Colleague: 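Pasting a structure here, questions to come.
Fair warning: this is a prediction, and the values are worked out from it, not measured in the lab. In what follows, every heavy atom counts, from backbone to side chain, and hydrogens, waters and symmetry copies are set aside.
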Amino acid sequence: DANMYWNFSILFNRIGDYTRSLKYDNKALSQVSDCYWIYEINCYLSGQGRYNEANQFLDSACAVNSCEAFCLASKFCLYTIKKDFDKAEEYYNKSLKANYPWNHQDDIFLACLYKETGRRKEAFSILNKLISDYEERLKRWGGWGIMDTKWQLTVAYALLGENKRVFQYL
């Protein structure tokens, strides 16, 4: 079932086997039209530099289901990773209008957009809040979600230019 495929996807993602992770995400998405899986598949493809494939996937997946807000946010992430900041900003604003439910993972992309477009104060504000929340999460929850939490902290500190702290979480 879709949940089993989702769990396999998480497992393969955690060990760095993104090809198999993507395979199981696609299987899950074929069984259940869950907007979050569209977002995840886009992240896997974009993170591997497969931008055209990610864009084609989003165009086709978003044409056949009602996940407009997730599709717009996914395009925002895609264009941020591609460093096409004008397009990223366009899709960020569209996703806001579509009431996309923002979370901390998305905040990394927003902070990157702000930093790269000269809005360092806004970027650093987002990053400092994110760091505070994730460091508290590490203290409170210990091992649960530790890899994702450390990844977020690593990226946040890298965006702040605090390289010593980056290595602390690698």
Colleague: Got Glu135 and Tyr169 here, is their nearest side-chain heavy-atom distance under 4.5 Å?
Modeller: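 With C-beta onward as the side chain, the pair touches.
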Colleague: Could you tell me if the side chain of Tyr92 sits less than 4.5 Å from the side chain of Thr80, heavy atoms only?
Modeller: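 In short, these two side chains do not touch, never coming nearer than 4.5 Å.
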Colleague: May I ask you to decide if Glu90's main-chain N or O and Asn93's side chain share a donor-acceptor pair within less than 3.5 Å?
Modeller: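 No; zero donor-acceptor contacts below 3.5 Å.
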Colleague: If you take all heavy atoms of Ala156 and Ile108, which pair is closest and at what distance?
Modeller: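 That closest heavy-atom pairing would be N-CD1, 3.9 Å.
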Colleague: Report the distance from atom OG1 of Thr149 to atom NZ of Lys139, rounding to the nearest 0.5 Å.
Modeller: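 Here the interatomic distance stands at 13.5 Å.
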Colleague: Can Asp59 and Lys75 be counted as an ion pair, charged N to O under 4.0 angstrom?
Modeller: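 Salt bridge between Asp59 and Lys75, a charged N being under 4.0 Å from a carboxylate O: yes.
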Colleague: Yes or no on salt bridge (Lys or Arg N to Asp or Glu O under 4.0 Å) for Lys23 and Asp17, after CA distance, side-chain angles and deciding distance?
Modeller: CA-CA 10 Å; Lys23 173 183 147 188; Asp17 189 341; over 6 Å; no
Colleague: Step by step, would you call Trp102 with Phe109 a ring-ring contact (aromatic ring centres under 6.0 Å, His included)?
Modeller: CA-CA 11 Å; Trp102 287 95; Phe109 293 101; 9.0 Å; no
Colleague: Using every non-hydrogen atom in the two residues, find where Ala123 and Lys115 come nearest and quote the distance to one decimal.
Modeller: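 Result for this residue pair: CB-N, 3.6 Å.
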Colleague: Between atom OG of Ser46 and atom CD of Glu53, what is the distance when rounded to the nearest 0.5 Å?
Modeller: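 It comes to 10.0 Å.
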Colleague: I'd like to know if the side chain of Ser60 and the backbone of Gln56 have a donor-acceptor N/O pair within less than 3.5 Å.
Modeller: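 Checking the backbone N and O of Gln56 against the side chain of Ser60, a donor-acceptor pair under 3.5 Å is found.
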Colleague: Report the C-alpha separation of Ile131 and Leu160 in whole Å, then their side-chain angles, then the decisive distance to 0.1 Å, and conclude whether the side-chain contact (heavy atoms from CB on, under 4.5 Å) test is met.
Modeller: CA-CA 11 Å; Ile131 286 168; Leu160 286 172; 3.4 Å; yes
Colleague: Considering only heavy atoms from C-beta outward, does the side chain of Asn52 approach that of Asn55 to under 4.5 Å?
Modeller: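 When only atoms from C-beta onward are counted, Asn55 and Asn52 do not touch, as no gap falls below 4.5 Å.
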Colleague: Are any non-hydrogen side-chain atoms of Arg137 and Asp133 less than 4.5 angstrom apart?
Modeller: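 They are not in side-chain contact.
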Colleague: Return the minimal non-hydrogen interatomic distance between Ala69 and Asn99, and the atom names on each side.
Modeller: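 That closest heavy-atom pairing would be CB-C, 4.3 Å.
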Colleague: Is it true that Phe85 and Tyr79 have ring centroids separated by less than 6.0 Å?
Modeller: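 Not under 6.0 Å, so no.
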Colleague: Does the side chain of Tyr134 come within less than 4.5 Å of Leu138's, by heavy atoms?
Modeller: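 The answer is no; the side chains never approach within 4.5 Å.
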Colleague: To the nearest 0.5 Å, tell me how far Phe57 CZ sits from Ser74 OG.
Modeller: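 If we round to the nearest 0.5 Å, Phe57:CZ and Ser74:OG are 8.0 Å apart.
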Colleague: Minimum heavy-atom separation for Ala158 and Val166, please, with both atom names.
Modeller: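 Of all heavy-atom pairs spanning Ala158 and Val166, the closest is N-CG2, 3.3 Å.
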Colleague: Please report whether the SG atoms of Cys67 and Cys62 are separated by less than 2.5 angstrom.
Modeller: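 No - the two cysteines, Cys62 and Cys67, have SG atoms at least 2.5 Å from each other.
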Colleague: Is there a side-chain contact between Asn163 and Tyr157, using heavy atoms and a 4.5 Å cut-off?
Modeller: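 Not touching, per the 4.5 Å side-chain cut-off.
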Colleague: Report the distance from atom CG of Leu127 to atom OG of Ser132, rounding to the nearest 0.5 Å.
Modeller: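 It comes to 12.5 Å.
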Colleague: Would you sort out whether Tyr51 and Ile81 count as a side-chain contact (heavy atoms from CB on, under 4.5 Å), showing the intermediate values?
Modeller: CA-CA 9 Å; Tyr51 307 123; Ile81 292 168; 3.6 Å; yes
Colleague: Using the side chain to side chain contact (heavy atoms under 4.5 Å, CB included) criterion, which residues pair with Glu122? Sequence neighbours excluded.
Modeller: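 Expected list: Tyr114, Arg119.
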Colleague: In Å, rounded to the nearest 0.5 Å, how long is the span from SG of Cys112 to CG of Asp107?
Modeller: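 So the gap between those two atoms works out to 12.5 Å.
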Colleague: With a 4.5 Å heavy-atom cut-off, do Leu113 and Phe76 have their side chains touching?
Modeller: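 Yes; the side chains approach each other to less than 4.5 Å.
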Colleague: Report the distance from atom CD1 of Ile38 to atom SG of Cys71, rounding to the nearest 0.5 Å.
Modeller: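 Result: 4.5 Å between the selected atoms.
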Colleague: Side chains of Tyr100 and Leu72: does their closest heavy-atom pair fall under 4.5 Å?
Modeller: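 Side-chain contact under 4.5 Å: no.
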